[in-house]
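Worksheet: the structure to be examined is printed underneath.
This chain uses plain numbering: 1 for the first residue, then up along the sequence.
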Amino acid sequence: MQTVKAVRSDFFPGEGCPIALRTIQGDAPVQHEGDLTDIRHTHDFAELIIITRGGGMHWIDGTSYEVAAGDVFLIQDNTEHYFQERHDLEMYNIMFDDQYLADHLRSLRSLSGFNAFFLFEPVFRRRHAFMSRLHLAPELMNSLRKVLIGVLAEVRSALPGSDLMLLSKVLEIFVLIAREYSRSSNSKAQTLYRLGEVISRMEKDYSENWTVARLAKIAVMAPSTFLGVFKEAIGTSPIEYLLNLRMSKAAEQLLKSRKSISEIALDCGFNDSNYFSRQFRNHYNCSPREYRKRF
């Protein structure tokens, strides 16, 4: 079977926040423009799948998983997937640019459940045989379904501000998912939650003197295991992640405060302002002072 590539321009508006909502009602083929439910495909954006009724067999990167009402899971960009089977399936797909959210809504990373579900679970689903996915109880799913129906009606109305309504409701859904994932009693989900807590702690306390040993202790892993798992999921080492975080916080302070460069360096975890300036130049190709003047 040939893999089809879906691109964000087919789903997101030319301007505004890159978020879109689609729904599948039953097993009839091609239910909306760009519907690739039954076709093996990949895309350059993330897709949150919420199954509200029925079920089926979902193929993800070479492995088939049975899914049913109550299941909620994320498909990251450049992931091949499609439904091999559908059985009275009703689902809602929230498509979004995860990089946009990471750049503009960094506070989401302060939620351990968000990090576990959106960052770690998709990477380790094959290792965990998809047992780490989130499954919502019927009562909660019914409440979520009502929200989704309302949001879909708002999107279809195309009234002024409907894109902002979509963004606000999607964020509400993200927070709900993060909270529910943190409450999961699933042992595999709890392992990922502890990894999510590592990022949450770094995001909140980025000026602390974090070491791999301290972070691995939060994750309840041996340091060598933790290093490999973190890099596999995030793409960088924990210390590189921390450095990038500190640089972004420093850049934000340079633009939004009148603090001296030495004060900002100390606020962001650098005891040596000269070392801070060298690292800043490596990241932004200019000194902190030049950055402040330029922007």
Side-chain angles (χ1 to χ4, degrees), residues 17-18 46 96-120 123 167 171 174-175 178-179 182 192-295:
C17 186
F96 60 96
D97 183 337
D98 48 353
Q99 189 57 53
Y100 177 93
L101 294 185
D103 291 342
H104 293 81
L105 298 166
R106 182 123 205 171
S107 58
L108 286 170
R109 293 284 181 93
S110 68
L111 300 173
S112 303
F114 177 88
N115 298 325
F117 179 86
F118 285 87
L119 300 182
F120 291 105
V123 175
L167 174 60
L171 291 178
F174 284 0
V175 172
R179 289 174 176 173
S182 69
L192 300 185
Y193 179 77
R194 289 194 297 270
L195 286 167
E197 179 67 13
V198 169
I199 289 181
S200 177
R201 291 286 299 278
M202 283 195 286
E203 291 280 343
K204 292 175 183 175
D205 303 315
Y206 54 87
S207 64
E208 280 199 33
N209 184 28
W210 291 109
T211 64
V212 170
R214 282 187 68 196
L215 296 170
K217 188 175 181 179
I218 295 172
V220 195
M221 293 180 177
S224 58
T225 302
F226 167 70
L227 275 172
V229 165
F230 191 96
K231 190 163 187 177
E232 183 180 355
I234 305 303
T236 66
S237 72
I239 300 307
E240 288 172 325
Y241 183 93
L242 179 61
L243 179 60
N244 291 334
L245 173 59
R246 287 174 170 175
M247 288 294 102
S248 68
K249 295 293 185 181
E252 183 179 342
Q253 285 201 39
L254 283 167
L255 298 182
K256 294 183 178 180
S257 77
R258 295 185 178 182
K259 292 180 180 179
S260 69
I261 291 172
S262 295
E263 287 175 313
I264 292 173
L266 192 61
D267 283 350
C268 295
F270 296 92
N271 294 323
D272 184 336
S273 60
N274 290 326
Y275 174 72
F276 162 72
S277 294
R278 289 197 300 272
Q279 290 295 331
F280 193 92
R281 184 179 288 276
N282 288 338
H283 271 71
Y284 294 103
N285 294 316
C286 64
S287 70
R289 186 169 285 103
E290 290 168 339
Y291 184 91
R292 177 174 264 170
K293 290 180 179 179
R294 185 181 301 176
F295 297 99

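The distance from the CG atom of L195 to the OG atom of S200 is 12.5 Å, given to the nearest 0.5 Å. Atom CG of N244 is separated from atom NZ of K249 by 13.0 Å, given to the nearest 0.5 angstrom. L227 contributes atom CG, which lies 11.0 Å from atom CE of M221 (distance to the nearest 0.5 angstrom). With rounding to the nearest 0.5 Å, the separation of CG in L215 from CD1 in I199 is 10.0 Å. Within the model, atoms CD of E232 and CZ of F120 stand 10.5 Å from one another, a figure rounded to the nearest 0.5 Å. Rounded to the nearest 0.5 angstrom, I264 CD1 and F280 CZ are separated by 8.5 Å.
With R281 contributing its side chain and C286 its backbone, the two residues share no donor-acceptor pair below 3.5 Å. Side-chain atoms of S110 come within 3.5 Å of backbone N or O of S107 as a donor-acceptor pair. Remark: the backbone N or O of Q253 is paired with a side-chain donor or acceptor of S257 at under 3.5 angstrom. At least one donor-acceptor pair closer than 3.5 Å links the side chain of E290 to the backbone N or O of S287. Between the side chain of S273 and the backbone N or O of S262 there is no donor-acceptor pair closer than 3.5 Å.
Geometrically, R109 does not engage F114 in a cation-pi contact defined by less than 6.0 Å to the ring centre and at most 45° from the axis.
Side-chain contact between Y291 and H283: absent, with no pair of heavy atoms (C-beta onward) separated by less than 4.5 Å. Residues R201 and I218 have side chains in contact (heavy-atom distance under 4.5 Å, counting atoms from C-beta outward). Counting only heavy atoms from C-beta outward, the side chains of F118 and F174 approach each other to under 4.5 Å. P18 has its side chain out of reach of F96: every pair of non-hydrogen atoms, C-beta onward, lies at least 4.5 Å apart.
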Please step through side chain to side chain contact (heavy atoms under 4.5 Å, CB included) for the pair C268 and Y206, ending with a clear verdict.
CA-CA 7 Å; C268 295; Y206 54 87; 4.3 Å; yes

Evaluate the side chain to side chain contact (heavy atoms under 4.5 Å, CB included) criterion for residues V123 and L119: first the C-alpha distance (whole Å), next the side-chain angles of each, then the deciding distance (0.1 Å), finally the verdict.
CA-CA 7 Å; V123 175; L119 300 182; over 6 Å; no

Going through the distances and angles, do R214 and E208 end up as a salt bridge (charged side-chain N to carboxylate O under 4.0 Å, His left out)?
CA-CA 11 Å; R214 282 187 68 196; E208 280 199 33; 2.9 Å; yes

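Below 30°, between 30° and 60°, or above 60°: for F270 and F276 the angle between ring planes is between 30° and 60°, a tilted geometry.
Nearest approach of F226 to P238, heavy atoms of both residues: CE2-CG, 3.4 Å. Smallest separation of non-hydrogen atoms from N115 and G196: ND2-O, 3.1 Å. Minimum interatomic distance between I261 and P288 (heavy atoms only, all atoms of both residues): CD1-CB, 3.9 Å. Nearest approach of W210 to D205, heavy atoms of both residues: NE1-O, 2.9 Å. The minimum heavy-atom distance linking Y193 with S112 is given by the pair CE1-CB, 3.4 Å. Among all heavy-atom pairs drawn from D267 and S207, the shortest one is O-CB, 3.1 Å.
No hydrogens or angles considered: nothing links the side chains of Q279 and Y284 as a donor-acceptor pair under 3.5 Å.
The number of heavy atoms from other shown groups lying within 6.0 Å of CG (N271) does not exceed 12.
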